[in-house]
Amino acid sequence: MSLAEKVYLKLREVPRGKVTTYKWLAEVVGSKGYRLVGQILKRNPDAPRTPCHRVVSSSGKIGGFGGERSGKKIEEKIRMLEQEGVEVKKGVIDLEQYGFDFKE
DNA sequence: GTTGTGACGGGTC
DNA sequence: CGACCCGCCACAA
């Protein structure tokens, strides 16, 4: 089981209306390869099942996403999140409110 | 087999 | 504050 597999599984555990961060994911899989999480999401081998838009940076800010260049695509992700009940302000999410901590 | 780099985070300067 | 560096794992050239 590679870290990537764990990341996918954990990410799928995130309920609708909540988000997680690269840090938490990396932590929960027992690794500090935060970059791995980003890479895994970027490669996103299981796109339809891996809600990468539910993953944000530790500050609650949206990461790079966008696929080709971060910019407009991010706004679409934000809309998706808002549709799920997550409030996004200028690309920033209140982790205190919508952050789903696996450790809980 | 080796090297580089990436959707990041945290600590230091 | 902002810039810089290091760490970590996977994957492509």
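Chain A is the first sequence line, chain B the second, and so forth, proteins listed ahead of strands; every chain is numbered from 1. Fair warning: this is a prediction, and the values are worked out from it, not measured in the lab.
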How would you list all residue pairs meeting salt bridge (charged side-chain N to carboxylate O under 4.0 Å, His left out) that involve residues 14-37 of chain A, not counting sequence neighbours? Glu27(A)-Lys103(A)
Is the shortest heavy-atom distance from the side chain of Tyr22(A) to the side chain of Leu41(A) under 4.5 Å? yes
With a 4.5 Å cut-off on side-chain heavy-atom distances among I, L, V, M, F, W and Y, is there a chain of contacts connecting Val56(A) to Val92(A)? no
Under a 4.5 Å cut-off applied to non-hydrogen side-chain atoms, are Phe102(A) and Val14(A) in contact? yes
Please give, in whole Å, the distance from dA10(C) C1' to Tyr8(A) OH? 10 Å
Rounded to the nearest 0.5 Å, how far does NZ of Lys10(A) lie from CZ of Phe100(A)? 8.5 Å
Respond yes when some side-chain nitrogen or oxygen of Ser57(A) is under 4.0 Å from OP1 or OP2 of dC8(B), and no when none is. no
Within residues 27-37 of chain A: residues closer than 4.0 Å to DNA chain B (heavy atoms): Tyr34(A), Arg35(A)
CG of Leu9(A) to OG1 of Thr50(A), rounded to nearest 0.5 Å, is 9.5 Å
Considering residues at least two apart in sequence or located in another chain, which fulfil the ring-ring contact (aromatic ring centres under 6.0 Å, His included) criterion with Tyr34(A)? none
For the pair Ser2(A) (side chain) and Ala4(A) (backbone), establish whether a donor and an acceptor sit closer than 3.5 Å, ignoring hydrogens and angles. no
Which residues pass the salt bridge (Lys or Arg N to Asp or Glu O under 4.0 Å) test with Arg79(A), not counting sequence neighbours? none
When rounded to whole Å, the NZ to C1' distance for the pair Lys6(A) and dC9(C) reads 12 Å
Polar atom pairs (N or O), protein with nucleotides 2-4 of chain C, under 3.5 Å:
none

Does Lys89(A) come within less than 4.0 Å of Glu87(A), counting only side-chain N to carboxylate O? yes
Taking atom P of dC9(C) as reference, at what distance in whole Å does atom CG of Leu41(A) sit? 18 Å
So, with a heavy-atom separation below 4.0 Å from DNA chain B, the residues of residues 11-26 of chain A are Tyr22(A), Lys23(A)
